[in-house]
Amino acid sequence: QEEDPIKVGILHSLSGTMAISETVLKDTVEMLIEQQNEAGGLLGRELEAVVVDPASDWPLFAERARELLDQEEVDVIFGNWTSVSRKSVLPVVEELNGLLFYPVQYEGEESSENVFYTGAAPNQQAIPAVEYLINQVGIERFALVGTDYVYPRTTNRILEAFLKDEHGIADEDIMVNYTPFGHSDWQNIVAEIRRFGEEGKPTAVISTVNGDANVPFYTELSNQGIDAADIPVIAFSVGEQELTGIDTGPLVGHLAAWNYFMSVDTDANYDFIDAWIEYTGDDMAVTNDPMEAHYIGFNMWAEAVRKAGTTDVDTVKDAIIGVTVPNLSGGYAAMMPNHHITKPVLIGEIQDNGQFDIVWQTPSTVAGDAWSDYLPGSRDLIADWRKPMECGNFNVVNGSCGGSTAAEEAEAALAE
Amino acid sequence: MSFFQSLTERDRVFDFMTPQASKVDVRHGPILYMEDVTVSFDGFKAINNLNLTIDDGELRCIIGPNGAGKTTMMDIITGKTRPNSGSVWFGSRHNLLNMNEPDIASLGIGRKFQKPTVFEALSVFENLELAMAADKRILPTLTARMTGEIKDRIDEVLETIGLTTLRHQPAGILSHGQKQWLEIGMLLMQRPRLLLVDEPVAGMTEQEMERTAELLTGLAGKQSVVVVEHDMGFVRSIARQVTVLHQGSVLSEGTMDQVSSDPKVVEVYLGADDEEAA
Amino acid sequence: MLAIEKLNQFYGESHTLWDLDLEVPAGQCTCVMGRNGVGKTTLLKAVMGEVAVKSGALRYTSTDSSGEIELTQKAVEARSRLGIGYVPQGRQIFPLLTVEENLRTGLAARRDGVRKIPERVYELFPVLEEMKNRRGGDLSGGQQQQLAIGRALVIEPKLLILDEPGEGIQPNIVAQIGQVIRQLINEDGLTVLLVEQKLPFARKYADRFVIMDRGRPVAKGEISELSNELIKQHLTV
Amino acid sequence: MSLTTQSSANFWLTRPFSERSTQIFLVVLLATLALVTLLHVAVPAGNPLHIGAYTVNLFGKYLSYALLAVAVDLVWGYLGILSLGHGAFFAIGGYAMGMYLMRQIGDRGTYGDPVLPDFMVFLSWDSLPWFWHGFDMAWFAFAMVLLAPGLLALVFGFLAFRSRVTGVYLSIITQALTFALMLAFFRNEMGFGGNNGLTDFREILGFDLRTDATRLGLFLATGIALALGFILCRAIVTSKLGRVSVATRDAEARTRFLGYRVERFQLFVFVVSAMLAGLAGALYVPQVGIINPSEFSPIFSIEIVLWVALGGRATLYGAVIGAILVNYAKTIFTGVMPDAWLFALGGLFVFVTVFLPKGVAGLLEHLKRRRHDPTPTPDKEATA
Amino acid sequence: MRRFLSLTLMCLLLLGITVTAQAQTDNENSTNDDAAALELLEALDVESYAAKGEAITAILQSDDERARDWLQALLDGRLQRTDDGRFVLVLENRGRDWPVADVLTGEALGEMSRRELDRIGINNNLRNQLRSAIAVVDLYSPSVERRLTSAERLLGEVDADLVPTLNDLIEQEEDDQVRYRLTQAVAIYRAEEGEMAGVEALDGSLHPRSRVALSRAANSDDPVVANAAAASLAGIEQQLKINRGLETLYFGLSLGSVLVLAAIGLAITFGVMGVINMAHGELIMLGAYTTWAMQQLLPGQPGLALVLSIPAGFMVSALAGIAIERGVIQFLKGRPLETLLATFGVSLILQQLVRTVISPQNRTVITPEWMSGSLVVNDALSLTLNRMFVLGFALVVFAGLMLIMRRTRLGLEVRAVTQNRAMARSMGIRATRVDIMTFALGSGVAGLAGVALSQLTNVGPNLGQNYIIDSFMVVVFGGVGNLWGTLVAGLSLGVINQVLEPWAGAVLAKIIVLVFIILFIQKRPRGLFPQKGRAAEG
Ligand SMILES: Nc1ncnc2c1ncn2[C@@H]1O[C@H](COP(=O)(O)OP(=O)(O)OP(=O)(O)O)[C@@H](O)[C@H]1O
Ligand SMILES: Nc1ncnc2c1ncn2[C@@H]1O[C@H](COP(=O)(O)OP(=O)(O)OP(=O)(O)O)[C@@H](O)[C@H]1O
Ligand SMILES: [Mg+2]
Ligand SMILES: [Mg+2]
């Protein structure tokens with residue numbers, strides 16, 4: 001039994017709309033597994049990747065997750081990109097008590113016992129980015145442009161609250177605009193942004209535009225002559241991977257906020273890049289933030305397994321809190337009790353070679369907040385999965401743990 | 001649906017086998033009455049001030065050159081084409097111009113098309129079944145049952161049109177002439193008050209023509225029949241009253257002999273050597 | 001001109017043409033008769049290649065080409081290029097093409113490079129000239145039939161195959177069609193294979209007759225030999 | 001006696017049950033249900049014959065797809081309406097069920113709000129939108145599962161059929177319908193959870209959704225719904241109304257001249273089909289645990305049509321086979337060859353169209369005919 | 001920004017003569033100041049951006065004639081430092097190892113890995129400073145174009161110190177355009193200061209800066225000035241509204257042209273031939289990938305590659321179309337609905353093929369110089385060039401197709417074949433050849449659409465999926481079988497969408513357009529340009 005390989009499930013879309021972003025993540029985990037095996041595996045056992053394709057189809061994510069946990073009996077899953085896919089998988093991993101490492105920046109407002117969020121929460125990306133714009137660039141007017149789904153909606157709501165409350169930005173200096181997924185005709189919106197920026201105040205665009213829609217968006221920006229020097233765009237969903245599809249020449253100077261850039265100048269990063277290039281066999285291969293998140297998540301899990309001496313989910317789950325591993329930007333990432341990790345926030349400017357030049361970064365790492373401080377509903381909630389609290393949505397005001405645990409308690413009470 | 005219509009529709013459940021005499025009011029005149037009807041297609045007047053009356057129980061032949069507007073006239077009566085002006089009455093009660101095709105059909109106007117159109121995927125038998133006079137609303141159709149009576153009736157018609165052996169073949173495989181017969185059969189099943197028959201004998205042999213002639217003359221009296229045909233021999237054999245259309249209006253009207261001696265008709269239609277040809 | 005030997009044809013499992021032999025002599029009009037559904041149309045379609053034949057030969061000797069050509073080896077479109085014009089039953093005009101375009105499709109089969117519709121077609125059917133720009137499908141039934149015949153004539157065929165050409169056409173034009181066919185036969189040496197039910201027409205314009213029953217010829221001969229007895233025997237239902 | 005050629009002598013005399021193929025179908029379906037139940041419950045886990053909850057759940061999903069495919073085949077196969085928007089009815093049925101399940105969560109949501117679902121708290125709604133009322137009651141929600149799609153189909157169909165929209169035009173507006181609905185449901189303002197849709201369901205009719213027993217129950221319920229839906233459709237298509245439908249499909253205008261009010265027949269069948277689709281959606285949702293706007297996506301609706309085409313159009317049981325086959329293939333392929341399964345699936349589609357002109361059902365028919373009559377049949381030439 | 005500009009300008013004015021003189025002399029002794037240069041560069045390599053700004057000023061003030069190159073390199077991010085402290089110029093920054101040259105000597109140093117290099121980073125503020133610096137140098141440039149660009153940069157950036165200098169420049173300037181801009185720049189300053197002369201000079205100017213200046217003037221204490229400014233503003237607003245309308249129209253036409261391009265090939269394969277071609281989108285995708293491949297084959301010549309992609313894209317998609325026709329569709333004659341199933345399969349295969357063979361990621365297609373930017377009509381209306389090209393291209397493709405369908409035998413024959421295949425063959429039409437050629441034509445046109453779309457949107461495996469639904473909608477909305485219908489439908493849907501978008505938002509606008517289509521089809525059940533007549537009505 002002990003000689004059986006440890007199974008690592010990979011749940012990333014390899015076809016459909018999300019394949020563009022997710023295939024590299026699958027490759028990343030496969031590479032990490034390969035490296036780990038070369039280094040002697042884990043607990044003396046081999047690691048084995050179990051890859052499935054949920055095909056960018058949200059219900060299929062749940063089905064595949066069930067297959068991984070129920071049929072394949074994997075010990076851990078690395079996967080998902082979109083929030084909806086995570087929401088779809090969530091009940092399954094909770095029911096079957098799996099481990100899921102989720103590597104993408106997201107809207108927060110969630111903390112599950114079985115999920116580890118290695119991407120950024122809004123306070124690890126959006127808020128510092130806006131502070132940078134205000135303090136360093138002197139922006140006074142903001143256009144919040146996003147794809148119409150939960151992540152941009154939430155982020156923008158948080159930002160709006162933050163801009164108004166903390167920085168006294170007036171209503172008319174904030175413009176909000178949502179577009180459908182894959183939106184490809186940006187003429188009107190870009191024109192609107194242009195006019196919005198012509199009012200004489202320094203203006204910036206905060207973009208939560210997702211995926212494919214970015215290419216036509218940036219193309220239109222450069223066509224209408226919106227230069228980063230006039231109206232910089234700071235994006236939360238555009239990384240090196242996305243830039244491979246864009247002619248970056250006209251975009252130089254636009255910004256992105258992440259916790260990692262390929263251009264980070266550390267040896268750990270260069271090693272990672274070299275390994276990646278070797279693994280893919282493509283000299284032009286790029287790395288990006290969610291890849292780093294998987295890198296961190298994978299190492300944290302491996303560390304926790306080592307620490308626990310077993311892959312047993314409950315033990316690993318407890319062991320991983322507090323685990324600290326090096327990240328790729330020269331610091332350390334620690335797993336917090338709320339299942340989020342600490343990350344530095346970096347602001348980068350797009351270069352004409354498709355890379356980001358890091359122009360600013362937080363002096364130290366920031367811990368991810370599961371529940372935003374800027375939203376009325378979640379202000380009072382905290383998550384802490386350590387004993388004895390073990391709660392993902394503890395209400396500090398009335399001192400009780402709401403949600404699913406309440407039901408369990410009620411049930412337990414009934415059973416007695 | 002008017003109250004009146006729904007009443008009559010309900011009627012049909014009980015006596016579907018009899019021609020629907022009750023619906024059409026012919027006490028005060030003809031069964032079909034067309035006045036000053038004009039139709040134009042992109043400026044081309046296919047029907048031009050046409051006036052036509054058909055009496056109850058009459059068998060009327062309509063002839064006329066190709067493109068005279070005979071088929072278009074039937075299109076107007078059955079609601080397929082809307083005229084630009086004029087009026088069309090069925091009996092003295094029903095203004096056909098206010099009705100759509102199914103309404104008109106359920107009033108008791110049946111039609112055989114010039115180009116035979118049958119339901120190719122359905123069997124010959126089913127084609128006839130669908131044509132049969134019955135309550136054609138949704139629920140009655142859904143719950144309709146095949147009774148022995150209906151079956152007998154269909155068999156009878158199958159016999160008449162000579163397709164008994166092909167009854168379970170899909171109608172799509174029939175030869176041209178067989179489709180013509182099937183269309184006639186469907187018309188018979190429908191038991192309409194007024195039959196509009198467009199070129200029934202095209203593609204039939206002489207003997208079949210004779211049978212068709214018998215069939216049609218047999219129907220006349222109980223039902224009114226309007227026949228369009230180019231075969232003069234056939235027309236002569238059945239016709240009592242003949243109307244000649246030309247360029248969308250009536251050119252001549254009368255008995256076959258009157259009409260065929262009309263020089264205008266000879267010129268535009270029959271041709272000099274018609275006598276020989278017929 | 002055309003010799004048909006031992007032709008067998010099936011629709012699915014139903015055997016429609018049975019070992020059919022038929023001779024269509026050059027420069028003559030051969031008329032095929034028979035009750036509904038005996039396979040006349042099927043025979044013509046087999047000659048044109050629109051239905052596949054199981055076995056048998058179709059030997060075609062064109063007046064200008066050197067030798068005998070086995071039609072079964074030829075694709076449908078090649079057959080019309082050999083000078084076979086076809087007027088099918090049910091008109092089969094192209095409903096959404098204009099009358100003129102319908103006629104122009106016939107030019108595809110011409111090998112002499114003529115790209116103009118022969119005047120004769122319009123002379124014969126003036127209504128086609130009149131309605132040149134109307135969609136074929138809008139024409140009246142008889143007009144469509146005229147169009148179908150006109151279209152076949154555009155090819156200037158050597159062998160003209162007609163499936164009940166007079167159907168739905170007004171009497172004087174039917175007569176005219178008959179005369180034109182005769183004229184083409186007599187003057188240009190056209191060969192005609194005709195399916196016709198109407199005895200007067202057949203008697204007047206055909207040279208020979210063939211009566212078919214259940215997929216095989218049962219009687220044939222000079223048209224003058226077409227007796228009432230034969231008719232009663234084979235054409236009565 | 002074949003279903004497709006309908007040449008059975010007493011075909012029109014019969015009702016669905018007396019048909020051989022329907023009987024076979026129902027027997028196979030019910031036997032499968034029984035077998036799965038047996039293997040799931042009676043055979044201990046670990047035994048190679050044991051069928052796990054995962055598989056039961058999976059097949060429950062396939063069966064709901066099968067019901068959807070039957071609904072599509074009813075309108076496409078028999079009425080000639082190529083609906084590229086049936087996903088809309090499916091999704092609406094699913095949303096109706098989803099709303100019920102959402103309300104069943106009660107105060108067990110993450111924010112613990114007793115009335116508002118999580119996503120509403122999250123987006124600061126302060127009260128339940130009017131159209132969410134009533135969905136806490138099962139009877140109401142279940143009625144809406146049928147009524148909401150039915151109503152949409154009624155209004156949409158009434159307009160379209162009255163205007164005599166046919167053929168591709170009808171197909172495209174059904175597609176426009178589902179596309180518009182997809183965009184609308186994506187909007188968070190709509191109050192249906194936006195892109196994330198509705199998730200995190202807990203219980204249905206008091207049964208915990210996360211137990212194997214409930215899963216088995218849902219699977220069986222779906223199987224029975226499929227059987228009933230199948231019988232209903234079969235009853236329709238074998239009735240005279242079914243023949244009117246086929247007549248309409250082949251020659252709509254001619255049917256009118258026989259006195260049938262074609263648009264009403266179309267509307268009737270369309271609405272029935274939409275309701276079945278809605279039912280399928282409602283059964284689908286608790287089994288997959290999420291409903292979101294991607295179910296409205298036009299491509300999904302096209303896929304449904306593909307199932308039917310692949311199984312064999314105008315046979316009903318072909319639709320069932322197609323739906324199960326394609327989705328099973330998808331499950332297998334995405335697991336076995338995650339990088340190349342689209343090749344396999346695409347290849348399957350191409351193969352079936354080219355080599356099995358009447359779909360899988362056509363193949364079955366053919367084999368059956370071969371068994372009865374061993375002489376090979378030359379393929380029918382397509383004649384114009 | 002203003003601060004940098006005047007600062008730089010001041011510096012330059014100090015040595016204004018030097019700059020101009022330098023352009024002429026361009027001289028001898030440069031070696032001896034390498035040490036000084038190194039010192040200047042050294043100052044750039046500091047953490048603080050403020051210090052970097054000062055270093056840039058210092059470089060500007062130095063009389064080293066290489067200063068401009070350094071600044072340009074700094075601006076482009078190519079000024080880097082090796083581990084051993086040498087300043088190098090990165091010649092090409094793609095890939096893993098980069099060729100570099102010594103900044104001071106210009107000597108090529110071969111390739112270096114990124115590990116060995118440190119770039120001198122700048123941020124947006126510095127970038128502005130650099131640009132301004134370079135621009136101000138250009139104010140004295142002999143090239144009219146450069147002078148114009150820098151004059152335009154001055155709008156709204158002028159302060160009191162600059163006014164006299166600018167006035168001098170205005171005197172000297174020969175070019176009308178440049179003079180106009182310079183005058184405007186001064187006027188904006190004046191208006192902002194509340195001077196009547198400025199307000200008057202700005203009357204009718206549509207430049208946003210003028211508007212900002214005027215609205216400030218409108219708040220001026222002097223009622224005369226305020227009123228005049230308000231009046232001007234009202235006039236300008238009026239003008240802007242008109243221009244905005246024109247702009248929306250242009251947006252609409254441009255979106256419409258994209259729809260037309262995407263749909264027009266389908267109007268042939270589906271509209272004319274009746275093949276429900278679900279792989280149409282992937283044929284578009286192939287065209288787009290061809291463009292990418294061409295640009296890979298001809299690095300550094302994106303324009304030429306794009307032009308060559310037009311025939312190449314056509315060919316690639318046409319060949320793929322032929323393969324699809326021969327491989328699948330020919331077996332489906334008379335079963336049009338099944339083409340849906342088969343071509344859907346083909347589309348899945350093509351998508352995955354691209355993912356496997358090329359990459360699941362998007363590819364970069366470069367927009368050539370002559371297609372980027374916009375055509376400036378006036379200060380409030382400029383038309384983006386690449387979209388204008390696409391619009392023109394769509395019209396040309398449409399006209400070409402129209403010609404083929406109307407003037408050649410193919411057009412007639414394909415319609416004959418689709419309406420009655422058996423009869424067409426009996427008339428001697430080689431149906432198989434017609435099928436192949438028509439399908440190839442439709443597919444090829446899809447390829448052309450792909451070439452054009454590569455300039456506007458993602459070149460990735462999903463490209464096709466994004467257009468297939470819209471394409472069908474356009475073809476059907478226009479009326480199946482009618483090419484004009486496709487054109488009119490595409491353009492009008494585009495315009496409707498763009499007109500709605502500003503007040504309804506992108507999502508609602510799309511929904512409204514779809515609902516509009518549904519309702520429109522009720523009115524006209526056979527599309528915009530229906531097939532009329534007995535046959536069509538059946
Ligand atoms: N939709 C239409 N568009 C244009 N012209 C039409 C249309 N329908 C009919 N026509 C024209 O109207 C005229 C009358 O046609 P109709 O079919 O009624 O003739 P008909 O008397 O039945 O002739 P036939 O004896 O040849 O069947 C013809 O010239 C025809 O071309
Ligand atoms: N596609 C088909 N499939 C099966 N059987 C067919 C098909 N087409 C025709 N038949 C059958 O073949 C037989 C011969 O048909 P054909 O059309 O040749 O008859 P015909 O002699 O031309 O008759 P008509 O005088 O009515 O035109 C008919 O019995 C018909 O039912
Ligand atoms: Mg007629
Ligand atoms: Mg025949």
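Just so we're on the same page: letters track the sequence lines, and every chain starts at 1.
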> Out of curiosity, E:S113 OG to A:D274 CG, how far, rounded to the nearest 0.5 Å?
Replying inline: 7.5 Å
> Nearest 0.5 Å, what's the CG-CG distance between E:N362 and A:L243?
Replying inline: 11.0 Å
> What part of A:Y218 is in contact with chain E, defined as an atom under 4.5 angstrom from a non-hydrogen atom: side chain, backbone, both or neither?
Replying inline: neither
> Taking all atoms of both residues into account, what is the closest heavy-atom pair of A:S184 and E:Y467, and its distance?
Replying inline: OG-OH, 4.0 Å
> If every non-hydrogen atom of E:Q361 is compared with every non-hydrogen atom of A:I20, which pair is closest and at what distance?
Replying inline: NE2-O, 2.8 Å
> Would you call A:D185 and E:V258 a side-chain contact if the rule is heavy atoms closer than 4.5 Å?
Replying inline: no
> Quick one: of A:R194, A:Q241, A:R195, who has the most non-hydrogen atom pairs under 4.5 Å with chain E?
Replying inline: A:R195
> Which residue out of A:E199, A:Q224, A:Q351, A:E22 racks up the most heavy-atom pairs below 4.5 Å with chain E?
Replying inline: A:Q351
> Which heavy atom of E:S372 sits nearest a heavy atom of A:N223, and at what distance?
Replying inline: CA-OD1, 4.2 Å
>> For E:E237, I'd like to know if atom CD has over 12 heavy atoms of other residues, nucleotides or ligands within 6.0 Å.
In response: yes
> When only pairs under 4.5 Å are counted, which of A:P180, A:G200, A:S21 shares the most heavy-atom pairs with chain E?
Replying inline: A:P180
> Which pair of non-hydrogen atoms, one from A:Q187 and one from E:L255, has the smallest distance, and what is that distance?
Replying inline: NE2-N, 3.8 Å
> Out of E:L463, E:L456, E:V459, which one racks up the most heavy-atom pairs below 4.5 Å with chain A?
Replying inline: E:L456
>> If I compare all heavy atoms of E:P360 with all of A:A19, which pair ends up nearest, and what's the gap?
In response: CB-O, 4.1 Å
> Where is the tightest heavy-atom contact between E:T457 and A:V215, given as atom of each residue plus distance?
Replying inline: C-CG1, 3.8 Å
>> Using side-chain heavy atoms (C-beta onward) and a distance below 4.5 Å, is E:E501 in contact with A:T179?
In response: no
>> As an exercise: rank A:A285, A:S263, A:S222 by heavy-atom pairs under 4.5 Å with chain E and give me the winner.
In response: A:S263
>> Heavy-atom cut-off 4.5 Å, strictly under: side chain, backbone, both or neither for E:Q455 against chain A?
In response: backbone
> Does A:T244 offer a backbone N or O that forms a donor-acceptor pair with the side chain of E:T364 under 3.5 Å?
Replying inline: yes
> E:D118 versus chain A, heavy atoms under 4.5 Å apart: side chain, backbone, both or neither?
Replying inline: side chain
> Backbone N or O of E:P502 within a donor-acceptor pair of the A:N188 side chain at under 3.5 Å?
Replying inline: no
> Under a 4.5 Å heavy-atom cut-off, does chain A meet the side chain of E:Q352, its backbone, both or neither?
Replying inline: side chain
>> Please check: side-chain N/O of E:N458 versus main-chain N/O of A:D212, any donor-acceptor pairing under 3.5 Å?
In response: yes
>> Can you tell me which of A:E198, A:E242, A:Q355, A:E349 forms the most heavy-atom pairs within a distance under 4.5 Å of chain E?
In response: A:E349
>> Any non-hydrogen side-chain atom of A:E220 less than 4.5 Å from a side-chain atom of E:T384?
In response: yes
